[in-house]
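This report concerns only the one structure given below.
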Amino acid sequence: MSTPAPRRAPLPIVARPWFWLLFVGVLFSFPLIKGLGARLPDPPPGIDSAPLEFELPDDSGKLVRRADLGGHLLVITELAYLNAALHDEPLERLRHLRKRLRGLGSAVVFVVMTHGATAEQLTGFVNINTARKPQNVWLVDEDGAVFSALVRQAGAPSAQMLLLDTHGRLRAIYGDDPAELDVLVGTAGVLANWRGADPPPEG
């Protein structure tokens, strides 16, 4: 009967706690090193465009300018108050989009330009629909002229939503194509998480 070979004693270095701390640290550093070497994507289109401006009262009568919302990404849409069929859909779309962008928190503000309603009617509408949220801004655009002017300036007269960066530049639109909504959501994520995609205008 053969005698079993004696077990090897562990190397002295392996028995030291600092070795394992260093070993684990090196393992966890690999993804970081790989990430630092990765090429950043190109900024979304519109980085060199001029800012879009607007000025409208909210349902309390306070005048709101685009510059007052600086520092936030803006999703701008319209709502036709007098036509229930036309305001239910935008409201539902707004809620759906808020849900998709909830991970961005207060970085995004949703601006709803409402036409066909007085300030008092808009207040009632917002309250009934429990739509008064910190990131929702409800504006009175009496005849829809301001929103119409914005989409014309954007070169997309049929657009239902505009995404402006923190400096007011147009960065994405949504019309009727669901793929455009996906692009808008992805663009908002890039702008909110990568400062290089949303630099201040030169000069």
Side-chain angles (χ1 to χ4, degrees), residues 31 34-54 56 64-80 85-115 129 131 133-139 141 144-202:
K34 185 178 179 181
L36 291 174
R39 182 180 178 276
L40 290 171
D42 293 331
I47 196 169
D48 296 322
S49 62
L52 298 180
E53 303 294 350
F54 60 82
L56 285 171
V64 177
R65 301 175 178 85
R66 198 279 308 166
D68 297 331
L69 304 172
H72 298 277
L73 303 177
L74 303 183
V75 173
I76 303 175
T77 190
E78 68 169 340
L79 185 143
L86 293 180
H87 67 54
D88 286 347
E89 184 180 343
L91 191 58
E92 187 56 37
R93 187 166 57 240
L94 180 67
R95 287 169 172 159
H96 174 68
L97 185 58
R98 277 182 58 92
K99 193 173 294 185
R100 291 190 63 179
L101 295 176
R102 62 183 178 273
L104 302 184
S106 61
V108 182
V109 167
F110 301 87
V111 180
V112 185
M113 297 183 175
T114 308
H115 58 88
N129 288 280
K133 312 289 184 184
Q135 271 69 58
N136 288 353
V137 176
W138 295 89
L139 302 178
D141 185 8
V146 173
F147 184 80
S148 295
L150 287 178
V151 295
R152 282 199 306 271
Q153 291 176 55
S158 62
Q160 299 180 29
M161 288 185 177
L162 305 176
L163 173 66
L164 308 188
D165 64 21
T166 61
H167 305 287
R169 297 170 297 209
L170 177 70
R171 308 305 292 271
I173 64 168
Y174 168 67
D176 292 312
D177 185 350
E180 291 180 335
L181 190 60
D182 293 336
V183 171
L184 188 150
V185 170
T187 301
V190 171
L191 295 174
N193 290 291
W194 178 27
R195 186 171 296 180
D198 188 11
E202 293 184 4

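Residue numbers run from 1 in the order of the sequence given.
- Scanning both residues, Ala179 and Asp177, for their nearest heavy atoms gives N-OD1, 2.9 Å.
- Asp141 contributes a side-chain N or O that, together with a main-chain N or O of Phe147, makes up a donor-acceptor pair within less than 3.5 Å.
- Among all heavy-atom pairs drawn from Ala159 and Ile173, the shortest one is CB-CB, 4.4 Å.
- Without hydrogens or angle criteria, His115 side chain to Glu78 main chain gives no donor-acceptor distance under 3.5 Å.
- Between the CG atom of Leu79 and the CG atom of Leu94 there is a distance of 9.0 Å, given to the nearest 0.5 Å.
- The shortest distance between side-chain heavy atoms of Val185 and Glu180 does not fall below 4.5 Å.
- You'll find the side chain of Val111 stays beyond 4.5 Å of the side chain of Trp138, heavy atoms only.
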Practice task
I would like to know whether Val108 and Leu163 meet side chain to side chain contact (heavy atoms under 4.5 Å, CB included); could you show each step before the answer?
Solution key: CA-CA 10 Å; Val108 182; Leu163 173 66; 5.6 Å; no

Handout entry: Audit row: Leu184, Met161, side chain to side chain contact (heavy atoms under 4.5 Å, CB included) steps and yes/no
Key = CA-CA 9 Å; Leu184 188 150; Met161 288 185 177; 4.3 Å; yes

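- In this structure, the separation between CG on Asn129 and CD on Glu92 is 10.5 Å, given to the nearest 0.5 Å.
- Within the 4.5 Å cutoff, no side-chain heavy atoms of His167 are placed close to those of Pro199.
- Residues Arg98 and Phe110 are in side-chain contact: their nearest non-hydrogen atoms beyond the backbone lie under 4.5 Å apart.
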Exercise for the section: List the steps, then state whether side chain to side chain contact (heavy atoms under 4.5 Å, CB included) holds for Val75 with Val109. Expected result: CA-CA 6 Å; Val75 173; Val109 167; over 6 Å; no

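- Of the residues Leu73, Ile47, Val190, the one that meets the side-chain contact (heavy atoms from CB on, under 4.5 Å) test with Asp198 is Leu73.
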Problem - Residue pair Met113, Leu150: steps toward the side chain to side chain contact (heavy atoms under 4.5 Å, CB included) verdict - result: CA-CA 11 Å; Met113 297 183 175; Leu150 287 178; 3.6 Å; yes

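- Taking the side chain as every heavy atom from C-beta outward, Arg171 and Pro45 never approach each other to under 4.5 Å.
- Taken from CG in Leu164 to CZ in Phe54, the straight-line distance is 7.0 Å, to the nearest 0.5 Å.
- Nearest heavy atom pair, residue Glu53 against residue Ala67, reads OE1-N, 4.4 Å.
- Between Leu191 and Pro44 there is a side-chain heavy-atom pair separated by less than 4.5 Å.
- A donor-acceptor contact shorter than 3.5 Å is absent between the side chain of Asp68 and the backbone of Val64.
- To the nearest 0.5 Å, atom CG of residue Asp182 and atom OG1 of residue Thr187 are 10.5 Å apart.
- Looking at every heavy atom in both residues, Tyr174 comes nearest to Leu181 through CD1-N, 3.5 Å.
- When side chains are defined from C-beta on, Leu56 does not count as touching Arg66, because their heavy atoms never get closer than 4.5 Å.
- When all heavy atoms of Leu101 and Ala188 are compared, the pair lying nearest together is CD2-CB, 4.0 Å.
- Between Ile76 atom CD1 and Leu52 atom CG the span is 7.0 Å, to the nearest 0.5 Å.
- Taking 4.5 Å as the limit, some side-chain heavy atom of Val137 sits within range of a side-chain heavy atom of Leu139.
- Between the side chains of Gln160 and Arg93, a donor-acceptor pair is found at a separation under 3.5 Å.
- Within the model, atoms OG1 of Thr166 and CG of Leu69 stand 12.0 Å from one another, a figure rounded to the nearest 0.5 Å.
- Side-chain atoms of Ser49 come within 3.5 Å of backbone N or O of Gly46 as a donor-acceptor pair.
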